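Let me begin by presenting the structure, written as structure tokens, before commenting on it.
Computed from a prediction, not measured in an experiment: that's the story for all the values here.
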Amino acid sequence: MKSKVKIIADLIGHHKYLIVVVIGVAVVGFLDENSFMRRVQLDMQISDLKSEIAKYAERTEADIKQLNELKRNPQSIRKIARERYFMKADDEDIFVLSDDPRKETNAIGE
């Protein structure tokens, strides 16, 4: 009978290239700083950032259009002041309706 060490040595000697390839793939795929898993994570992060850039580009475009409108039409300044900041003229009243749930209080007044 061969000893266990001899069997393992023969196995390693016979499949040495396969063992090296498997260890190399494991290092490159999972353990290395530039591994395949890290690359996939970075690709997902890049796609998220690209969608965020597109969102901000749309917002910038809308703001530029609104700024150009404000420069051209002074009535639009009044419109924005009334809609966003609830400003009013001297002869009008403003009623603000809210969909926020009201906090219910006890009869004692807590």
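Counting only heavy atoms from C-beta outward, the side chains of Q45 and L42 approach each other to under 4.5 Å. Proximity of R38 to N34: side-chain heavy atoms (C-beta onward) are nowhere separated by under 4.5 Å. Within the 4.5 Å cutoff, side-chain heavy atoms of Q66 are placed close to those of I80.
Note that CG of L11 and CD1 of I8 are 8.0 Å apart. Values are rounded to the nearest 0.5 Å. A distance of 10.5 Å separates NE2 in H15 from CG in D10, rounded to the nearest 0.5 Å. Taking OG1 of T60 as the start and CD1 of I53 as the end, the distance is 11.0 Å to the nearest 0.5 Å. Taken from CD1 in I46 to NZ in K50, the straight-line distance is 6.5 Å, to the nearest 0.5 Å.
No more than 12 heavy atoms of other residues, nucleotides or ligands shown are found within 6.0 angstrom of NZ on K71.
I12 is connected to I23 through a chain of hydrophobic side-chain contacts under 4.5 Å among Ile, Leu, Val, Met, Phe, Trp and Tyr, so both are in one cluster. Hydrophobic clustering, with ILVMFWY side chains joined whenever heavy atoms are under 4.5 angstrom apart, keeps V22 apart from V28.
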>> Please evaluate residues D43 and R39 with respect to the criterion side-chain contact (heavy atoms from CB on, under 4.5 Å), reporting the C-alpha separation (whole Å), side-chain torsions for both, the decisive distance (0.1 Å), and the verdict.
In response: CA-CA 6 Å; D43 285 341; R39 170 147 179 152; 3.8 Å; yes
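Ion pairing between a basic and an acidic side chain is recognised when a charged N comes within 4.0 Å of a carboxylate O; E61 and K65 show such pairing.
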